There are 2 protein chains.
Amino acid sequence: MSSQPLPHSLPQKNINTHLIEIKDYFKIAISVDCVIFGFDENELKILLIKSDLDQFRGKWSLLGDIVRTDEDPDDAAYRVLLTRTGIQDLYLEQVQAFGKPGRHPAGRVVTIAYYSLINIRHSILKNLDNELHWHPVKKIKQMAFDHKEIVDACYARLREKLKDHPVGFNLLPRKFSLRELQNLYEAILAVKLDRRNFRKKIMSMGLLIDLHEMEDDVPHRPAKLYKFNEDAFQKQENSYLGIDD
Amino acid sequence: MSSQPLPHSLPQKNINTHLIEIKDYFKIAISVDCVIFGFDENELKILLIKSDLDQFRGKWSLLGDIVRTDEDPDDAAYRVLLTRTGIQDLYLEQVQAFGKPGRHPAGRVVTIAYYSLINIRHSILKNLDNELHWHPVKKIKQMAFDHKEIVDACYARLREKLKDHPVGFNLLPRKFSLRELQNLYEAILAVKLDRRNFRKKIMSMGLLIDLHEMEDDVPHRPAKLYKFNEDAFQKQENSYLGIDD
DNA sequence: ACAAAAGTGTTAGATTTACACCCATGA
DNA sequence: TCATGGGTGTAAATCTAACACTTTTGT
């Protein structure tokens, strides 16, 4: 917060004000890295791949790729996700860029981190992808590159998001019980929730459609099944933004 | 959310798993752009510069620069801020990357957006920077490049941040009255706040130190002056993270 | 004395939390 | 019939929101 004398040489040219030659700066590559969250066996998991780089042999890394010369980074992230999971329409959100020099041994690579929420059951992981595995988030200790830091940032973002926005549905199958939804919230937020209060809160959001179906093959009283009310959700988003209404 | 058959050609190589040649991808430049917030005349303002690029002649743009080949993007943002405002220690937070192809006329430039909070009075804007101006956020309609979009994203982030974190102090002088602080909150959140409730809430945070000084030269009853309690704030942050305590 | 903003408590309403019993199913 | 989790309501506590008068200063 302290004032400082200005350096003597102010920049006379600037990328936003003058058309300067930027070809000398084309020394940095851009990649995307995806933290793909899934929910299985009451645990929040992320999809990782084994790195073959010497420096990181045996360590796990995120799924990512170089952004092509004419590609929108968002599209690159969607491409990685489609290629690896086979899922086309999924929840994807950019988190932030990571660009410390030295973070990638192949050269200067600035990566843009995304997180994605998918239903594990919908993903088609090919056999040849036997280096792909779902890891419980809680158990991930170290990773290749700065990917642990990226995972931490994405997980923190997901937690914050979930507190205010109903994104959790993207991690569940189309039909789910309130218990499954609560397990999901408890796994992500790492807290225990009161069952009655949770149900009241979820129901008051008005985003569930009662399917009038029951669980099957459970060794106890079966639970009712619901689906997410996409239309009601869209309407809420719009009125929140002052578009509708 | 629908499943799709996998494309036939899975990538056999990947930037995170194999050491691939990335020199062919060195076609993209990285820049940083800073949304510098200041608070003056009870308005939230941002520091902008006139663009001289033909395409954007007369339009306002953010302060930014190319990230140097061996430079951490965070450092590049600090560099831009120091160079332009003369302020060394300031609040800076990365928001996200913007990288649509075609967003910059000089070529493919992916920019990392930051926002910064400064005390306008501490900034030293040099005379030769007569193209630099403070603009009320509310009045900014269009800008050069995709900078309006960047400003919107940074302003949204600031609003969210302010709801839970006491970052507003960075915009005020060291000594301030509760009225000034309330004006700041009202300007950023674009709401009217109840004076008594606001004071109660702020006081309950325990982050103000009563300086036992009064305003001067005001044509009405002078207000007490406070300063931000940096130590108490740090202690709170630490205990929240489970470090201390 | 007047204008202008500072300072200060209380009450109603809304939200959040804590908590215990009966029910439906499969084994 | 037993074990397991499903389903449900109420009361206390906390937080939020609404609201008006007196005080201090400069003019």
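Computed from a predicted model, the values in this text were never measured in an experiment.
For A:Lys224, the listed nucleotide lying nearest its side chain is D:dG7; candidates were D:dG7, C:dA18, C:dA6. Listed nucleotides: C:dC19, C:dA6, D:dT16. Nearest to the side chain of B:Lys201: D:dT16.
A heavy atom lying under 4.0 Å from DNA chain D marks none of the residues of residues 203-215 of chain B.
In this entry the distance linking CG of A:Asp194 with P of C:dT16 reads 13 Å, nearest Å. We find that CG of B:Leu193 is positioned 12 Å from C1' of D:dA17, with the value rounded to whole Å. Put simply, CG on A:Asp216 is 15 Å from P on D:dG6, counting in whole angstrom units. Rounded to a whole Å, the CZ atom of B:Phe198 is 12 Å from the P atom of C:dA6. If you measure from atom CG of A:Leu178 to atom P of C:dA24, you get 17 Å, rounded to the nearest angstrom. We find that CZ of B:Phe176 is positioned 16 Å from C1' of C:dA6, with the value rounded to whole Å. Protein atom CG of B:Asn197 is 16 Å distant from nucleotide atom P of C:dA14, rounded to whole Å. In this entry the distance linking CG of A:Leu181 with P of D:dG7 reads 12 Å, nearest Å.
Where A:Pro219 and B:Ala223 meet DNA chain C, the nucleotide closest to each residue was compared, and B:Ala223 sits on the side nearer the 5' end. Of the two residues near DNA chain D, A:His220 and A:Arg196, the one whose nearest nucleotide lies more 5' is A:His220.
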ring-ring contact (aromatic ring centres under 6.0 Å, His included) assessment of A:Phe198 paired with A:Tyr185
CA-CA 10 Å; A:Phe198 178 77; A:Tyr185 272 76; 5.4 Å; yes

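Residue contacts for A:Arg195: at a heavy-atom cut-off of 4.0 Å it reaches a base atom on one of the strands shown. Residue A:Arg179 is classed as a sugar-phosphate contact, given heavy-atom separations below 4.0 Å to backbone atoms only. Nucleic acid contact class of A:Lys200 (heavy atoms, under 4.0 Å, all strands): base.
In summary, A:Asp40 and A:Arg121 engage in a salt bridge, as defined by a charged side-chain N under 4.0 Å from a carboxylate O. In this structure, B:Glu43 does not pair ionically with B:Lys138, as no charged nitrogen and carboxylate oxygen lie closer than 4.0 Å. By the 4.0 Å N-to-carboxylate-O rule, B:Arg157 lies too far from B:Glu160 to be salt-bridged with it. Salt bridge present: A:Glu186 and A:Lys192 bring a charged side-chain N and a carboxylate O closer than 4.0 Å. Taking a cutoff of 4.0 Å between a charged side-chain nitrogen and a carboxylate oxygen, A:Lys100 and A:Asp146 do not qualify as a salt bridge.
The base of D:dT4 does not come close enough to the side chain of A:Arg221 for any donor and acceptor atom to sit less than 3.5 Å apart.
The cationic group of A:Arg159 lies under 6.0 Å from the six-membered ring centre of A:Tyr155 and within 45° of the ring axis, placing it in a cation-pi geometry.
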